[in-house]
2 protein chains.
Amino acid sequence: MGRWEPDSRGRLAQAALELFAERGFENTTVAEIAERAGLTERTFFRHYADKREVLFPTGGEFENLIVTAIESAPAALAPIDAVGLGLDAAAAMLEQRGEFSRRRQAIITANAELRERELIKLASLSDAIADTLRGRGVTDPGASLTAEVAIAVFRVAFARWHDEAGGEDLRQIMRSSLDELKAQMGAPSSAPAGQAGEPANAVTQV
Amino acid sequence: MGRWEPDSRGRLAQAALELFAERGFENTTVAEIAERAGLTERTFFRHYADKREVLFPTGGEFENLIVTAIESAPAALAPIDAVGLGLDAAAAMLEQRGEFSRRRQAIITANAELRERELIKLASLSDAIADTLRGRGVTDPGASLTAEVAIAVFRVAFARWHDEAGGEDLRQIMRSSLDELKAQMGAPSSAPAGQAGEPANAVTQV
DNA sequence: CTAGGTGATGACAGCCACTGTCATGGACCT
DNA sequence: AGGTCCATGACAGTGGCTGTCATCACCTAG
């Protein structure tokens with residue numbers, strides 16, 4: 001056994017999640033988080049840049065998943081439909097960690113500071129998607145715009161999924177949202193809303 | 001003359017803008033801002049909820065402008081095109097304060113905290129637009145999605161306008177961005193990119 | 001003209017997020 | 001055995017932000 005208990009980073013994240021759920025983000029001090037994890041405040045800040053960051057996983061696992069899905073989409077696919085495959089991948093991951101995703105989101109939506117941080121994370125995700133699209137030969141401003149639309153669909157669909165607990169399938173919500181948006185923008189819907197058309201299970205063909 | 005110099009709020013905003021431009025947001029303390037305005041730190045926080053807020057005008061003047069433009073758009077117009085009129089109005093206002101807008105934006109983009117605050121302001125603007133669309137009879141999730149798309153177009157177009165100083169007309173950039181997005185989404189463009197079609201000057205007909 | 005209310009500001013103490021710096025002592029290598 | 005490494009602790013300090021009370025020009029009632 002090492003000099004210290006292992007996985008201090010994970011223990012800090014766990015302690016923070018518990019305390020935020022118990023008494024809210026603002027009523028929890030970093031010192032308290034550290035104490036519950038058996039560490040000091042100073043050590044918390046060695047693992048996380050600030051108090052909010054403990055709720056936002058690093059490494060870009062989520063981002064990588066989406067980017068990879070877009071990269072490996074058939075080259076013939078229109079940008080917006082390639083991005084749709086990225087959304088499928090995102091939905092799959094979030095639904096896998098269903099309960100955790102919902103608990104985490106409840107904490108975030110309850111606090112303005114955390115919502116700010118979430119938005120900037122999504123903005124950076126948007127940048128990554130735009131880069132990926134440029135890699136597929138999409139030119140600006142189309143790449144940036146399509147990426148922003150992807151985030152918009154994600155936000156709206158995720159919020160809807162989070163609100164109606166135990167409701168519809170997240171991927172379905174995203175698909176129908178995207179279709180509705182296409183209709184709204186004047187294009188004929190690629191498939192009836194509520195059930196995805198041919199690109200539906202393409203993510204499994206990667 | 002009153003007991004104190006008039007318009008302390010305005011003096012604080014002015015002092016803050018100067019200091020942020022001189023030495024950056026992070027290297028400026030609230031005490032310094034207050035001192036330059038001839039006030040105390042405590043008084044700063046009586047006028048602004050936090051240090052960042054001094055850069056974000058209150059009262060929702062900007063929001064009202066856009067919402068009003070959308071409300072007074074012809075009822076027959078598709079949601080996305082009603083929103084286009086809102087963007088016209090926004091562009092007009094920002095271009096009127098051209099130099100100021102650019103200076104302010106330079107400060108904001110240089111700092112992560114300020115970018116976060118900007119994003120949450122835009123998110124609240126998106127909510128306001130979605131509400132307005134619902135008032136026009138647009139149902140969800142279409143209303144939320146169209147509002148998000150409006151913000152996306154605004155963000156991309158404004159960034160482009162800000163980068164190429166003295167370049168193209170902001171409204172033109174927004175119009176062509178919106179058209180490009182429509183094309184990207186699969187719809188036929190309502191007008192050639194770069195020059196707006198019939199809805200172009202509708203904002204002046206309000 | 002006076003008494004009392006009002007409202008913006010100052011003065012001051014205090015909390016907490018976050019940082020710089022140095023010390024500590026197991027783990028690991030040679 | 002000796003030396004280096006590195007995650008952590010200890011401690012002091014800065015600055016954003018808040019609660020609280022005092023101050024004092026202005027206004028209004030009588």
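Lettering of chains follows the sequences in order, A, B, ..., and the numbering in each one begins at 1. Small disclaimer: the values here were computed from a predicted structure and weren't measured.
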Task: B:E63 side, atom CD; B:L122 side, atom CG - distance, nearest 0.5 Å - done: 10.5 Å
Task: Separation of atom CZ in A:R52 from atom P in D:dG16, rounded to whole Å - done: 15 Å
Open item on the list: So, taking the atom named CG in A:L39 and the one named CZ in A:R9, what distance separates them when rounded to the nearest 0.5 Å?
Closed with: 12.5 Å
TODO: Nearest whole angstrom, please: distance from the C1' of C:dC18 to the CD of B:E113.
DONE: 11 Å
- [ ] Mind calculating the distance between CG (B:N27) and C1' (D:dT14) to the nearest angstrom?
- [x] 13 Å
TODO: Please work out whether the ring planes of B:F158 and B:F154 are parallel, tilted or perpendicular, with thresholds of 30° and 60°.
DONE: parallel
TODO: Take the protein atom CG of B:D50 and the nucleotide atom C1' of D:dT18, then report the distance between them rounded to whole Å.
DONE: 13 Å
Open item on the list: Counting C-beta onward and ignoring hydrogens, is there a side-chain heavy-atom pair between A:F44 and A:I33 closer than 4.5 Å?
Closed with: yes
TODO: Check the distance between D:dG15's P and B:Y48's OH and give it to me in whole angstrom.
DONE: 22 Å
Task: Interatomic distance, A:N111 CG vs C:dA17 C1' [rounded to whole Å] - done: 14 Å
Open item on the list: Testing the 3.5 Å rule here: is there a donor-acceptor pair between the side chains of B:T68 and B:N64?
Closed with: no
Mind listing the N/O atom pairs, protein and nucleotides 9-12 of chain C, below 3.5 Å?
{"from": "C:dT9", "atom 1": "OP1", "to": "B:S8", "atom 2": "OG", "distance (Å)": "2.4"}
{"from": "C:dT9", "atom 1": "OP2", "to": "B:H47", "atom 2": "NE2", "distance (Å)": "2.9"}
{"from": "C:dG10", "atom 1": "OP2", "to": "B:T40", "atom 2": "N", "distance (Å)": "3.1"}
{"from": "C:dG10", "atom 1": "OP2", "to": "B:T40", "atom 2": "OG1", "distance (Å)": "2.9"}
{"from": "C:dG10", "atom 1": "OP2", "to": "B:T43", "atom 2": "OG1", "distance (Å)": "2.6"}
{"from": "C:dG10", "atom 1": "N7", "to": "B:R46", "atom 2": "NH1", "distance (Å)": "3.4"}
{"from": "C:dG10", "atom 1": "O6", "to": "B:R46", "atom 2": "NH2", "distance (Å)": "2.6"}

Task: For A:L119 against A:R155, the heavy-atom pair lying closest together - done: CD2-NH1, 3.2 Å
